[in-house]
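All of these numbers come straight from a predicted model, not from anything done at the bench. Below, chains carry the letters A, B, ... as their sequence lines are ordered, and counting in each starts from 1. Hydrogens, waters and symmetry mates are skipped; everything else that's a heavy atom, side chains included, is used.
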Amino acid sequence: MHEIVDEHMIERILGANEELAAHNRQDFDEDELLVINFMSAPGAGKTSLLEATIPRLKPKACGIIEGDMVGELDAERLRVLGVPVRQICTGRSCHLDAQMVARSLHAEPLPKTDYLFIENVGNLVCPAEFNLGEHKRVVLLSVTEGDDKPIKYPVIFRNCDAVVFTKTDLLPYVKFSIARCMEHIMQLNHSAKFFCTSVSTNVGMDEWIQWLETTRTLHRQCIAI
Amino acid sequence: MHEATIATNILSIAESRSAALPGSSVLRVYVRIGDFRNIDSGSLKFAFDALKADYPRCSKSELVVEQVAAVGRCMRQHQYCPSLLNAYSCSCGAGLNCLMQGEELEIFKCTFETATREANFETV
């Protein structure tokens with residue numbers, strides 16, 4: 001005889017990822033490692049910003065996790081900087097998740113570093129849903145993409161700690177208003193920090209580096225308490 | 001896209017819940033998806049149906065999606081508004097200072113077919 005049973009519950013569908021992200025965060029804190037998750041559309045300049053950032057952070061040590069669906073092109077660019085780089089090829093997946101990060105670091109642990117930059121798969125949609133255990137989420141938006149992107153992709157901008165406008169040297173040639181874009185973002189996110197950068201002309205890099213260094217100092221103070 | 005990951009998670013949860021009921025199989029999984037969770041219901045159902053064969057207890061199950069409309073509190077009007085201009089902006093153009101609903105991503109019910117005696121219970 002068969003019975004039909006209803007079980008009522010509230011179970012977070014991404015609960016398993018959240019738990020693993022919390023474990024990742026705990027491991028990062030034990031190592032006094034500040035972890036930054038870089039997210040953006042493809043081609044917004046994540047790898048280029050890392051190439052410009054890491055030399056400026058010396059002598060602080062940096063590690064990188066590079067997420068791409070296929071290949072190691074960006075990882076190879078970053079290895080030239082002389083920092084440890086771990087490549088995660090996601091295959092069919094359009095985002096990194098906490099398990100991928102945990103597996104990568106477990107399989108091949110990074111040497112002790114001060115910063116870990118996770119360059120997520122280029123995508124303004126899916127990465128927003130998956131916590132990796134990072135301390136800060138940074139979204140890059142290129143001025144060539146359009147200042148309406150925060151309206152079209154609100155979730156990723158709502159849940160980030162900083163927005164870096166990239167390729168600002170191209171502003172004279174595109175119809176992009178930084179002020180308008182910031183206004184869109186501030187409607188979603190009252191606390192995000194903004195940086196206007198160009199790795200070609202070095203504009204805005206000092207402020208960006210200062211934020212990273214201040215964030216790391218504050219992080220170390222927090223975990224020491 | 002990531003609907004496949006979400007579907008996998010749903011199936012894993014349903015499978016494990018069914019495993020806790022001896023001799024049971026999953027008939028239906030009910031989920032709430034908020035408007036602002038970047039998840040397309042049609043794609044999610046497609047992924048669910050494509051993947052459920054890998055989960056023995058869920059192989060004949062159905063996914064039921066309850067879409068949750070976004071409701072937020074308008075900064076200008078100081079009241080909850082169901083008609084939002086876009087994510088986190090009221091139709092009057094002002095921002096929202098809180099979102100009451102619209103970000104749900106949860107399973108709220110499973111229906112099992114079991115060969116054991118009926119045992120209704122709730123877990124939260």
Side-chain angles (χ1 to χ4, degrees), chain A residues 1-20 39 67 69 90-100 120-131 148-160 182-192, chain B residues 1-10 12-14 16-18 20-21 23-34 36-39 44 75 85-90 93-97 99 103-124:
Chain A
M1 184 177 177
H2 292 272
E3 301 283 351
I4 305 298
V5 176
D6 279 342
E7 180 179 339
H8 295 266
M9 64 189 77
I10 298 291
E11 180 120 20
R12 293 175 304 157
I13 291 170
L14 294 179
N17 187 77
E18 290 298 318
E19 276 185 45
L20 195 46
M39 299 178 285
M69 292 177 79
T90 65
R92 294 167 297 176
S93 181
C94 50
H95 58 271
L96 294 175
D97 62 28
Q99 186 178 53
M100 291 177 192
N120 216 314
V121 179
N123 184 335
L124 278 178
V125 179
C126 311
E129 296 284 353
F130 295 90
N131 191 350
D148 57 351
K149 287 298 176 290
I151 298 174
K152 294 180 178 179
Y153 304 95
V155 179
I156 201 167
F157 288 98
R158 171 175 168 84
N159 297 325
C160 72
M182 285 174 63
E183 193 182 318
H184 291 323
I185 295 170
M186 283 192 286
Q187 283 195 323
L188 308 169
N189 184 336
H190 307 301
S191 58
Chain B
M1 304 302 283
H2 67 284
E3 280 82 359
T5 302
I6 303 293
T8 300
N9 285 13
I10 293 171
S12 295
I13 292 168
S16 66
R17 290 284 189 154
S18 177
L21 285 175
S24 71
S25 61
V26 181
L27 288 180
R28 278 178 294 281
V29 184
Y30 296 81
V31 300
R32 282 194 195 101
I33 309 282
F36 295 147
R37 286 311 297 247
N38 278 351
I39 293 168
L44 181 61
M75 283 185 194
L85 184 64
N86 54 41
Y88 316 118
S89 291
C90 183
L96 303 177
N97 56 19
L99 201 66
E103 294 184 310
E104 294 78 0
L105 182 58
E106 61 197 19
I107 298 173
F108 68 92
K109 191 168 77 171
C110 279
T111 300
F112 303 101
E113 183 177 50
T114 174
T116 61
R117 289 186 60 181
E118 183 174 335
N120 286 324
F121 60 95
E122 289 186 22
T123 52
V124 173

Salt-bridged, A/Arg158 to B/Glu103, with N to O below 4.0 Å?
-> yes
When every non-hydrogen atom of B/Asn9 is compared with those of A/Ile13, the smallest separation belongs to ND2-O, 3.1 Å
Are B/Arg37 and A/Glu129 close enough for a salt bridge, meaning some N to O gap below 4.0 Å?
-> yes
Within a reach of under 6.0 Å around CD of A/Glu183, are more than 12 heavy atoms found that belong to other residues, nucleotides or ligands?
-> no
What's the shortest heavy-atom distance between A/Ile10 and B/Glu106, and which atoms?
-> CG2-OE1, 3.6 Å
Measure the spacing between CD of B/Glu3 and SG of A/Cys94 and express it to the nearest 0.5 Å.
-> 8.0 Å
Can you tell which part of A/Phe157 gets under 4.5 Å to a heavy atom of chain B, answering side chain, backbone, both or neither?
-> neither
Just how far is it from atom CD of A/Glu11 to atom CD1 of B/Ile107, taken to the nearest 0.5 Å?
-> 6.0 Å
Heavy-atom side-chain contact between A/Leu14 and B/Ile6 under 4.5 Å | yes
Which heavy atom of A/Met9 sits nearest a heavy atom of B/Lys109, and at what distance?
-> CG-N, 4.2 Å
Greatest number of heavy atom pairs closer than 4.5 Å to chain A - which of B/Val31, B/Leu27, B/Ile13 | B/Ile13
Identify, with sequence neighbours excluded, every residue that meets side-chain hydrogen bond (donor to acceptor under 3.5 Å, both in side chains) alongside A/Tyr153.
-> none
Report yes if some heavy atom in the side chain of B/Phe112 is under 4.5 Å from a heavy atom in the side chain of A/Asp6; otherwise report no.
-> no
Looking at NE2 of A/His8 and CZ of B/Phe108, how far apart are the two atoms once the value is rounded to the nearest 0.5 Å?
-> 9.0 Å
Heavy atoms, side chains only, cut-off 4.5 Å: are B/Glu113 and A/Glu3 in contact?
-> no
